[in-house]
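Okay, so here's the structure we're looking at.
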Amino acid sequence: MSPTSSSASDILTADNVIVRFETAEGPITAVDDVSFKVRQGEFLSVIGPSGCGKSSLFNVIGGLLTNHQGTVQVAGETINGPHQSIGMVFQEESTFPWRNVVDNVAFPLELIGMPKAKRIEKARTFIKMVGLDGFEKRFPGELSGGMRQRVSLARTLASEPKILLMDEPFAALDEQTRLLLGDQVLRIQQQLQQTTLLITHNITEAVQMSDRILVMTYRPGKVKRIVDIDLPRPRTSEIVGSEAFGRYVAEIWNDLREEASRGMKDEEEHALHEGTAS
Amino acid sequence: MSAAPARRIALYNLVPPALGLATVVGFFVVMEVLVQTNVINRFIVPPPSEIIGSFGRVIVEEHVFSRFVFTLGECLMAGVMITIFGVAGGFLLYRYKLLQQATETWVAAMAAAPVVLAYPLFMVIFGRSAWTIIMIGFVAALPPVILKTLEGLSGTRKVLVNVGKSFNLTASQQFWKIMFPAALPTMFVGVRLGLIFALINIVGVEFLINYGGLGQLINDLAERYDLPGTYAAICFVILVSVVFFMSLEKAERWLRPVD
């Protein structure tokens with residue numbers, strides 16, 4: 001399927017998205033004419049080197065960045081701002097430190113005016129789903145980084161979004177925790193048939209979880225290629241050891257290596273220039 | 001957990017307050033020795049034993065409890081006012097950048113100004129009354145609350161604001177459900193600082209205008225050259241401060257159980 005061909009099962013469509021920023025050194029195009037579609041129930045990862053505009057794309061789709069060109073549609077409806085159909089999980093730790101786990105997770109339910117008893121009961125379902133039952137009364141300050149990210153995930157899931165949008169949610173965690181949490185996300189995604197869009201720079205994570213991977217170029221961020229991941233489902237982190245998994249990782253790294261090298265060279269030149277200027 | 005380690009932990013928890021108390025007792029003992037051996041002149045600092053001995057007299061004859069309640073009430077009134085107006089002022093400075101840029105330096109300068117010297121002006125406006133004392137305490141204590149509220153709101157982590165946006169919060173929900181609780185610990189620092197400023201100024205003005213609670217009592221006793229009584233009254237001022245801070249700590253723990 002080409003990135004822009006339409007289908008009834010497409011729930012998210014990004015068309016010709018362009019993001020430009022004004023900087024001290026002149027305008028920078030962070031995202032350049034990016035188009036793609038996400039099917040209902042699909043797990044799509046967007047991968048690219050640092051500086052490819054992944055986070056800008058995340059902000060555009062989540063409605064946090066509105067001064068862009070092009071359109072983003074959810075189930076045919078053009079969005080220009082945060083949309084209730086999209087639930088966001090952020091890279092940075094984003095739990096509310098003044099609320100305990102159950103109150104954090106119940107937050108979106110409180111916003112829609114759900115009665116307390118009902119929202120607590122519902123929040124408990126999602127807490128159990130992310131494997132944190134027994135920690136309902138704990139505060140974020142009493143939890144590890146991985147547990148806090150699971151609280152954030154449960155809070156977003158509690159709002160029952162049509163699309164789960166995640167920006168490198170496990171970036172700050174160690175590799176083992178990341179793999180295990182990847183398992184949990186996969187299980188939840190499969191259980192809820194949750195359409196998920198993951199922004200990441202981690203190839204292993206992307207291959208482990210995705211149905212398709214959109215590879216982006218270094219600045220300006222364009223769609224370099226979309227790779228179909230034909231690995232069996234349900235999946236767990238055990239798939240990491242398979243030969244097919246290794247082939248996909250190698251294939252995507254081949255695409256990314258050139259972009260990452262460009263990024264590194266660009267950064268070095270920038271640092272050199274700054275050093276000369278000062 | 002077995003009984004022995006639990007008992008050990010309970011005992012260990014008693015060490016810091018016991019050490020604090022021992023330091024105070026030790027200080028009194030050292031002072032007692034220094035005064036009794038004439039190293040310190042007893043007409044400047046009376047022996048701690050005499051200060052303790054005068055507590056009963058000060059309590060009964062000088063009506064210290066009604067004065068204590070009077071000063072506590074003034075502090076409470078000033079505390080409520082600095083919390084309401086300080087938080088509102090900090091929010092306004094956060095909300096309107098131009099106002100912040102225009103006034104922040106002035107507010108910071110106000111924090112260092114000796115407002116107490118303007119007491120004749122306050123007396124002209126409010127008369128020789130509790131309101132003069134409360135208003136001086138309020139004006140002197142307002143700047144730290146404004147500045148710390150501003151700091152707390154400005155320092156709210158962007159990701160928390162973005163979480164609010166992602167859930168489509170209204171501006172009012174964004175403030176009350178995210179910004180305000182996120183800024184609360186810093187705002188409490190401001191209120192605590194404000195209360196220190198208020199207490200110092202309130203007791204100082206009571207002393208200066210010879211009106212009201214403990215400050216007036218200190219003035220009276222000093223005029224009578226009743227040094228043990230004066231120091232005993234100062235101990236009651238410290239007690240007001242302790243009561244305030246303990247209540248504030250409890251309120252903070254209730255609002256923000258764990259950080």
Side-chain angles (χ1 to χ4, degrees), chain A residues 55 58-59 61-66 79-101 103-113 135 137-143 148-149 151-153 155-156 158-161 163-169 172, chain B residues 1 5-6 9 13 83 87 90-91 94 97 145 148-192 247-259:
Chain A
S55 291
F58 170 82
N59 287 331
I61 296 167
L64 301 180
L65 200 64
T66 49
I79 59 165
N80 197 22
H83 194 277
Q84 59 190 21
S85 300
I86 298 176
M88 300 171 82
V89 180
F90 296 83
Q91 181 179 354
E92 304 96 323
E93 204 277 290
S94 69
T95 52
F96 301 134
W98 57 90
R99 285 172 173 255
N100 63 22
V101 169
D103 287 341
N104 256 290
V105 177
F107 181 72
L109 309 172
E110 186 183 315
L111 294 175
I112 57 168
F135 291 92
K137 294 288 172 195
R138 298 287 182 91
F139 284 83
E142 300 170 302
L143 305 176
R148 279 184 244 173
Q149 277 305 65
V151 174
S152 299
L153 176 63
R155 183 179 60 192
T156 306
S159 68
E160 297 185 281
I163 300 157
L164 180 63
L165 178 59
M166 300 196 284
D167 182 17
E168 307 194 42
Chain B
M1 195 186 290
I9 289 169
N13 287 340
T83 306
V87 170
F91 173 71
Y94 168 76
K97 292 291 162 204
V145 186
K148 281 290 171 186
T149 302
L150 174 63
E151 186 187 318
L153 292 172
S154 308
T156 304
R157 288 194 297 130
K158 194 163 185 278
V159 69
L160 298 183
V161 176
N162 280 341
V163 169
K165 284 184 186 166
S166 77
F167 284 122
N168 250 326
L169 261 57
T170 61
S172 159
Q173 285 175 320
Q174 185 79 282
F175 179 77
W176 288 111
K177 291 196 179 289
I178 293 183
M179 308 280 300
F180 185 78
L184 210 54
T186 317
M187 281 155 69
F188 259 101
V189 174
V191 172
R192 254 198 226 125
S247 324
L248 207 64
E249 214 169 49
K250 280 231 175 326
E252 191 174 1
R253 214 169 291 157
W254 177 67
L255 285 165
R256 291 289 299 262
V258 176
D259 247 342

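As the structure is a prediction and not an experimental result, all values here were calculated from the model. Below, chains carry the letters A, B, ... as their sequence lines are ordered, and counting in each starts from 1.
- Contacts of A:S152 with chain B are absent, with no heavy-atom separation under 4.5 Å from either backbone or side chain.
- A:F135 is not listed as a side-chain neighbour of A:V151, based on a closest heavy-atom distance of 4.5 Å or more.
- Distance check, rounded to the nearest 0.5 Å: NE2 of A:H83 to CD1 of A:I61 gives 13.5 Å.
- Between chain B and the options A:E93, A:Q91, A:R138, heavy-atom pairs under 4.5 Å are most frequent for A:E93.
- With rounding to the nearest 0.5 angstrom, the OG1 atom of B:T149 is 8.5 Å from the CZ atom of B:F180.
- No part of B:K158 comes within reach of chain A, as not one of its non-hydrogen atoms sits under 4.5 angstrom from that chain.
- The part of A:S159 that comes within reach of chain B is its side chain, from C-beta onward, which places non-hydrogen atoms under 4.5 angstrom from that chain.
- Taking CZ of A:F90 as the start and CG of B:L160 as the end, the distance is 9.5 Å to the nearest 0.5 Å.
- With a 4.5 angstrom heavy-atom cutoff, B:L169 touches chain A only via side-chain atoms.
- Taking the side chain as every heavy atom from C-beta outward, A:D103 and A:F96 never approach each other to under 4.5 Å.
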